[in-house]
Amino acid sequence: WTCSGEPSVCTINPVCGNGIIESGEQCETNPLNLNSQTCVSLGFTSGILGCSAGCQFDTSACVSPPVTNARYVTQAGAGSRNGIDWNNAYQGLPAALQRGYTYYVAGSTTSYGSYDFNDAVSGTQYITIKKATISNSGSVAGWQVSYGTNVAIFSSLSFSSSYYIFDGVTGGGPGSWDTGFGFEINPSGGSRGALFSGNPNYIEIRHSNIHPTSMSVFAGLFYGGGSHSKFSYNYIHDVYGPAFHFYGTSFNWNNLTIEYNYIARVKGDAVNHAEGISDSGSDNVIVRYNLWEDISNTGVIAEIGNFNAVAQNWEVYGNVITAVTGSYSSSGVITIENDASNSMSAENWVVYNNNIINFKGWASLKFASGSNNRAYNNIWYCNDAPSYSNYLQLNINTHDYNYYSDCGVVWFSPSANEPQSQGADGLHGDPFVDWRNKDFRLNAALTGWSGTPLPPPYDKDMLNRTRGSDGVWDRGALEYP
């Protein structure tokens with residue numbers, strides 16, 4: 001007994017080894033009683049839990065988790081659900097994520113649902129969400145093959161904080177434009193695929209298959225604005241509404257890169273427009289190495305709205321812009337509207353080495369207002385409403401070395417302002433290997449009418465080949481051979 005105070009209060013001292021877990025004891029030694037605890041329940045990865053002579057847990061034979069900033073996520077969760085390995089995976093992404101950590105997400109046959117990335121910023125530390133693959137997490141305890149082979153599906157994402165990477169790891173880009181994705185995002189009922197609120201910064205979304213569950217409700221897939229972000233190697237398709245919906249000056253971007261994406265079947269109508277990029281004055285935007293297919297309404301890229309805004313410093317290069325079904329029509333490849341309903345302008349845009357093939361509608365660069373805008377080395381082939389005046393309209397201040405052909409039959413004469421638009425020899429017939437099956441390589445060297453050399457970063461094509469290395473800087477998106 002232990003007694004203290006006046007009057008005295010006496011308590012029974014715990015006795016280790018009496019078979020009873022008493023106050024101050026974690027376990028008992030005789031008989032061994034660990035109070036239903038194990039190494040894993042105490043936060044270790046494995047091992048044998050013991051009880052010391054003082055009836056305290058003995059963790060000396062427990063295996064500590066590796067000192068790492070990796071955590072593991074499954075749809076059902078497992079074990080203690082602390083994310084330290086696959087045996088103890090989180091059940092879905094936890095509500096609060098840790099800066100500097102990478103979360104590996106297992107594939108599943110059911111959706112992870114929607115998720116809001118809203119964690120407080122800590123300097124420039126990213127939070128990375130990666131699709132689990134056998135190469136990046138297959139050696140971690142508890143790995144199952146299905147974690148790598150199944151796709152990880154989300155219904156929608158929203159970003160109200162900064163510094164995130166959402167990476168499906170595989171799929172997308174030349175050779176796998178629409179296959180092999182680790183992540184899938186399929187919003188429904190008018191939800192956005194990715195919503196950006198409060199103008200977050202430093203967001204990257206890549207290697208994801210992004211499409212609504214149906215095309216019956218109007219909603220842009222990427223909606224909102226921000227800065228210093230990048231969307232890469234995604235398949236964005238079958239949407240009723242803009243693929244990238246940046247309409248309104250509160251949704252502008254600054255320093256945005258859109259690259260190696262396949263954007264297909266973007267549907268709109270007279271009431272609800274559905275451009276590839278619907279913008280109202282974003283600045284410093286790079287649009288490169290994308291495949292745009294079957295885009296409706298005002299333009300593949302459109303600056304629209306009565307905002308009296310200027311979109312500055314856009315670089316549009318190395319893209320392929322085409323149509324397949326014939327059911328989608330657009331009034332421009334790039335359209336800068338300035339009329340009774342729109343007050344937009346463009347300054348310092350470059351449009352270099354793009355392919356515009358089989359475009360339905362008006363395959364034009366229409367800059368209704370702007371200055372210092374340039375177009376070089378582009379190929380227009382087999383488009384609707386073909387004529388030189390319909391291809392380069394208004395305020396493209398400097399343009400030359402472009403190629404215009406009506407399905408290889410009619411050749412348009414260059415204007416006085418574009419003396420090198422055809423070159424001396426001119427190709428007859430289809431200049432591409434098989435554009436109908438997404439092989440947009442040139443089928444012959446453009447001897448005699450090369451494009452004009454351009455400085456980096458325009459000296460690489462989408463296959464990372466150096467332009468002009470054979471002595472000919474080819475026109476169009478892809479360098480020969």
### Task
Return yes if a side-chain donor-acceptor contact under 3.5 Å exists between T213 and S188, otherwise no.
no
### Message
S227 and side-chain hydrogen bond (donor to acceptor under 3.5 Å, both in side chains): which single residue from N201, N254, N252 fits?
### Response
N201
### Query
Which of parallel (below 30°), tilted (30 to 60°) and perpendicular (above 60°) describes Y458 and Y317?
perpendicular
### Task
Scan side-chain atoms only and decide if S330 and N297 contain a donor-acceptor pair under the 3.5 Å cut-off.
no
### Query
Is D294 paired with R265 through a side-chain N to carboxylate O contact shorter than 4.0 Å?
no
#### Entry: Separation between OG of S329 and CG of D384, rounded to the nearest 0.5 Å
7.0 Å
### Validation row: N353, D461 side chains within 4.5 angstrom (heavy atoms)
no
#### Entry: N234 side chain to Y260 side chain, donor-acceptor N/O pair below 3.5 angstrom
no
### Message
Once you measure the plane-to-plane angle for H228 and Y202, does it fall in the parallel (<30°), tilted (30-60°) or perpendicular (>60°) bin?
### Response
parallel
### Task
May I ask you to decide whether R288 forms a salt bridge with E259, counting only side-chain N to carboxylate O separations under 4.0 Å?
yes
### Query
Strictly by modelled atom types, are H399 and N378 linked by a side-chain donor-acceptor pair under 3.5 Å?
no
### Task
Salt-bridge test for E204 and K230: reply yes if a basic N is under 4.0 Å from a carboxylate O, no otherwise.
no
### Message
When you measure from the side chain of N355 to the backbone of I357, do you find a donor-acceptor pair of N or O atoms at a distance under 3.5 Å?
### Response
no
### Task
Could you label the plane-to-plane angle of the F117 and F159 rings as parallel, tilted or perpendicular, counting under 30° as parallel and over 60° as perpendicular?
parallel
### Heavy-atom side-chain proximity of H245 to E275 below 4.5 angstrom
no
### Message
Test your reading of the model: is there a side-chain donor-acceptor pair from S280 to the backbone of G248, 3.5 Å cut-off?
### Response
yes
### Query
Quick check: are there more than 12 heavy atoms from other residues, nucleotides or ligands sitting under 6.0 Å from CG of L463?
yes
#### Entry: Between Q125 and Y163: side-chain donor-acceptor atoms closer than 3.5 Å
no
#### Entry: Charged N-O contact under 4.0 Å between R206 and D167
yes
#### Entry: Pairwise side-chain contact, R436 with D430, heavy-atom cut-off 4.5 Å (strictly under)
yes
### Message
Please verify the inter-ring angle class for F154 with F166; under 30° counts as parallel, over 60° as perpendicular, anything in between as tilted.
### Response
perpendicular
### Message
Between T466 and K460, is there a side-chain donor-acceptor contact under 3.5 Å, judged purely by atom types and distance?
### Response
yes
### Query
Can you tell me if D283 and N313 form a side-chain donor-acceptor pair at under 3.5 Å?
no
### Query
Could R441 and E479 be called an ion pair, given the rule that one side-chain N must be under 4.0 Å from one carboxylate O?
no
### Task
Identify which one of F244, F196, F251 satisfies the ring-ring contact (aromatic ring centres under 6.0 Å, His included) criterion when paired with Y223.
F251
### Query
For residues H273 and T298, is any side-chain donor paired with an opposing acceptor at under 3.5 Å?
yes
### Task
Please check if any side-chain donor atom of H237 sits under 3.5 Å from a side-chain acceptor atom of E293, or the reverse.
no
### Task
Flag the pair Y247 / F307 as yes when their ring centroid distance falls below 6.0 Å, and as no otherwise.
yes
### Query
Would you call the rings of Y104 and Y72 parallel, tilted or perpendicular if under 30° counts as parallel and over 60° as perpendicular?
parallel
### Message
For V266, is there any backbone N or O sitting under 3.5 Å from a side-chain donor or acceptor partner on S296?
### Response
yes
### Task
Name all pairs fulfilling the salt bridge (Lys or Arg N to Asp or Glu O under 4.0 Å) condition that reach into residues 141-151, sequence neighbours left out, sorted by first residue then second.
none
### Query
Does Y403 have its ring centroid less than 6.0 Å away from the ring centroid of W380?
no
### Query
In terms of side-chain heavy atoms, does N261 have a donor or acceptor partner in N290 at a distance below 3.5 Å?
yes
### Task
Taking the six-membered ring for Trp and the single ring otherwise, decide whether the centroids of F231 and W253 are under 6.0 Å apart.
yes
